[in-house]
Amino acid sequence: MIEIEEKEAFDQTINKLYYLTCKYGINRVRPIIKNKYFFNLFLRQVHTGWEKAQNIIFEKIITNEQNISELKIELKDAKACKNKNNINKINENISKLKYRKLKLQMVINTIAWIIFKFDHHIVRRFFINNRIDNISKQALIKCKDFVNEINKNKINFAIYTDLTTFIHVGDVLYIDNDLHRINIVEIKEGKINSICREILDYHSHNNLCFKKIVENLPNEIGKQLYRMAKQDWRAEKVVEAIKNEEGIDISTNCKLKISEKRYYINTYEEIIIKLYKKNKWKKWAIDIIDDCLFIGLYSDYRMASTFDFWVQQYDKYSIIIDYRTVYSVNLARPPFSLQLPENILKDLVNEKIILKMSLWIPKWIEIINSKYNYKIELETKKETRRLLNKSKDILLYNGQALKIIKNEKIGYMGFGFISKIFYDFYKPLDYGKVFDDETYIQVE
């Protein structure tokens, strides 16, 4: 059976990746923003740290995926022999490796979030759906030479998009700081891809009818041409939406317009710091934020289960979130990008402490409705079932959608809203201010 790396060794790797991603540059050069020479020197050191981190993750994930493939073969043999103990052990190891892969991807997510200046609107543009794909060794290797070439110039930086959980466009994303722009690149190999690229380039320069071109091509080339054209279209729309703050949302194909306003939302990191200090001697600590957000911090795993009982005394339908779920939420802000002290971040990610949260939705609705110029109501269960036939990304409380009513306009909350309370640590009442502005984000 394949040997799985011990948790302590993996935790040490995560700690090293944190240093390379978040501390390497600033520990070497003091960033002086107004001094171009010193700022570029700082930027080079930051990118050096990122490159070292990405290279480690590249190798780790390739090894990880190979181990998962081999374990699946072992699992098939164990099932054939009806060896229950082996089946359980192999399934446990596969789950462990998949979870560790998400933690490694979280580090690359951190780099991307820093590049995008922690702006949710930019991050959201690269996202297509709630999938977290398997990572192909061949797909990564084909991009390696291009990524390495870009990263020789320490002012610019290239990311393997497959190493993130949310960039679903292109094979490589690189930031050209010389020209101040984002580039999305598809790396294609082989004769058919070369033919398709020539056709697409010729088509774009001569404004020819795409449908007529495809009709006269062999089926294999025609299918790949459509696929590449779609990829080009998505990349173009992403860059356009980021640049103009309006355009097409590639996950829904709907028009969007992002408000020029950027709200400062108060966060509750200081409460987590307070709980962390209290937990040091008590092994657990709890609090209620804004009278509606329950939060518990535990270093004793057994005590962590008491959080659910505490919350359910107030509301038996509450959504209870274990912060460890952050790695499987594509658009969640990665832990290493949060404004928490290094020791708390490492303890959270290495699971030396457990953080649990729950939003008391009826109480939150009551306070929001008394504070802001819009209303939130629970939709009927019948209407909610109808809505779920159209979209699964609707926040539910006891089987009911949360309906927002403002100036006779109606909208519904998605899980993306509540995830910012749990993963960005937005204070729930302060976050309510974004819905007071109709132009916060418009999707037709």
Side-chain angles (χ1 to χ4, degrees), residues 99 102-103 106 109 118 120 130 265-280 282-341 343-368 376 393-398 402 413-434:
Y99 182 57
L102 291 175
K103 280 193 174 183
M106 173 272 297
N109 283 359
F118 312 107
H120 274 277
N130 286 310
I265 311 295
N266 288 311
T267 58
Y268 54 87
E269 280 102 337
E270 77 284 353
I271 295 173
I272 293 175
I273 294 169
K274 181 186 74 173
L275 294 178
Y276 182 81
K277 291 175 181 176
K278 189 176 181 182
N279 173 73
K280 277 291 185 183
K282 201 176 178 183
K283 303 299 181 187
W284 64 274
I286 59 175
D287 204 345
I288 302 177
I289 300 167
D290 290 345
D291 295 325
C292 61
L293 179 64
F294 299 87
I295 180 170
L297 196 68
Y298 304 87
S299 54
D300 185 328
Y301 275 56
R302 293 169 299 177
M303 284 296 297
S305 63
T306 64
F307 179 85
D308 300 31
F309 296 110
W310 173 49
V311 168
Q312 287 166 359
Q313 288 178 4
Y314 293 84
D315 183 6
K316 64 181 181 180
Y317 300 115
S318 278
I319 300 168
I320 296 173
I321 296 292
D322 185 321
Y323 185 73
R324 288 174 291 183
T325 58
V326 67
Y327 309 112
S328 57
V329 179
N330 302 69
L331 293 172
R333 181 165 175 169
F336 285 163
S337 71
L338 295 168
Q339 298 302 307
L340 283 171
N343 59 331
I344 299 180
L345 286 174
K346 287 180 177 178
D347 281 356
L348 263 180
V349 173
N350 294 331
E351 296 168 33
K352 292 181 179 178
I353 54 174
I354 303 298
L355 175 63
K356 299 186 83 171
M357 297 157 284
S358 180
L359 183 64
W360 184 6
I361 286 180
K363 185 68 173 179
W364 177 73
I365 290 174
E366 177 190 329
I367 301 172
I368 286 288
I376 298 176
D393 186 29
I394 292 177
L395 178 62
L396 299 180
Y397 172 80
N398 188 26
L402 275 68
M413 286 189 188
F415 183 76
F417 161 76
I418 205 169
S419 74
K420 294 182 180 69
I421 293 173
F422 295 136
Y423 304 125
D424 290 68
F425 300 153
Y426 286 175
K427 285 189 173 180
L429 296 188
D430 200 50
Y431 187 36
K433 71 175 68 166
V434 300

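What you see is a predicted model; the values in this text were computed from it and never measured.
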Test applied, side-chain contact (heavy atoms from CB on, under 4.5 Å); reference residue, Asn279; option that passes from Asp300, Ile353, Ile272, Asp347
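Considering Asp300, Ile353, Ile272, Asp347, a side-chain contact (heavy atoms from CB on, under 4.5 Å) with Asn279 is found only for Ile353.
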Once you measure the plane-to-plane angle for Tyr314 and Phe294, does it fall in the parallel (<30°), tilted (30-60°) or perpendicular (>60°) bin?
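Rings of Tyr314 and Phe294: tilted, as their planes differ by 30° to 60°.
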Would you compute the distance between atom [atom1] of [X] and atom [atom2] of [Y] and round it to the nearest 0.5 angstrom?
| X | Y | atom1 | atom2 | result |
| --- | --- | --- | --- | --- |
| Leu293 | Ile288 | CG | CD1 | 9.5 Å |
| Thr267 | Leu340 | OG1 | CG | 8.5 Å |
| Ser318 | Lys363 | OG | NZ | 13.0 Å |
| Tyr276 | Ser299 | OH | OG | 9.0 Å |
| Gln339 | Leu345 | CD | CG | 9.0 Å |
| Lys433 | Lys427 | NZ | NZ | 11.0 Å |

Pairs in or reaching into residues 324-338: which pass side chain to side chain donor-acceptor pair (under 3.5 Å), with residues at least two apart or in two chains?
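Every side chain to side chain donor-acceptor pair (under 3.5 Å) pair that includes a residue of residues 324-338, provided the two are not neighbours, is Asp322-Arg324, Thr325-Tyr423, Arg333-Ser337.
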Trp364/Phe417 aromatic ring centres below 6.0 Å
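For Trp364 and Phe417, the ring centres are under 6.0 Å apart.
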Heavy-atom count around [X] [atom1] within 6.0 Å, excluding the residue itself: above 12?
| X | atom1 | result |
| --- | --- | --- |
| Tyr301 | OH | yes |
| Tyr317 | OH | no |
| Lys277 | NZ | no |

With the side chain counted from C-beta on, respond yes when [X] and [Y] share a heavy-atom pair under 4.5 Å apart, and no when they do not.
| X | Y | answer |
| --- | --- | --- |
| Leu359 | Pro428 | yes |
| Leu348 | Pro335 | no |
| Leu297 | Lys278 | no |
| Tyr298 | Thr306 | yes |
| Trp310 | Ile286 | yes |
| Lys356 | Ile320 | yes |
| Lys420 | Ile418 | no |
| Val326 | Met106 | no |

Taking salt bridge (Lys or Arg N to Asp or Glu O under 4.0 Å) as the definition, give me every residue that meets it alongside Lys274, ordered by chain and number, with sequence neighbours left out.
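Salt bridge (Lys or Arg N to Asp or Glu O under 4.0 Å) check on Lys274 returns Asp287.
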For Ile319, is there any backbone N or O sitting under 3.5 Å from a side-chain donor or acceptor partner on Ser358?
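Yes, the answer is positive, given that a donor and an acceptor are paired below the 3.5 Å cut-off.
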Whether Glu351 and Lys103 form a salt bridge (side-chain N of Lys/Arg under 4.0 Å from carboxylate O of Asp/Glu) is what I want to check.
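A salt bridge is present here (some side-chain N lies under 4.0 Å from a carboxylate O).
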Considering all heavy atoms, the nearest Leu429-Asp290 contact
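Smallest interatomic distance, heavy atoms only, reads N-OD2, 3.2 Å.
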Evaluate side-chain contact (heavy atoms from CB on, under 4.5 Å) for Ile344 paired with Glu269, printing each intermediate quantity in order.
CA-CA 10 Å; Ile344 299 180; Glu269 280 102 337; over 6 Å; no
Before you tell me yes or no, could you show the steps for Ile271 and Ile273 under side-chain contact (heavy atoms from CB on, under 4.5 Å), namely the whole-Å CA-CA distance, both residues' side-chain angles and the distance that decides it to 0.1 Å?
CA-CA 5 Å; Ile271 295 173; Ile273 294 169; over 6 Å; no
Please lay out, stage by stage, how His120 and Asp424 fare under the test side-chain contact (heavy atoms from CB on, under 4.5 Å).
CA-CA 10 Å; His120 274 277; Asp424 290 68; 2.7 Å; yes
Partner set under ring-ring contact (aromatic ring centres under 6.0 Å, His included) for Phe425, not counting sequence neighbours:
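Per chain and number, Phe425 pairs via ring-ring contact (aromatic ring centres under 6.0 Å, His included) with Tyr268, Tyr323.
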Could you please spell out the steps behind the side-chain contact (heavy atoms from CB on, under 4.5 Å) verdict for Asp315 and Tyr397?
CA-CA 11 Å; Asp315 183 6; Tyr397 172 80; 2.7 Å; yes
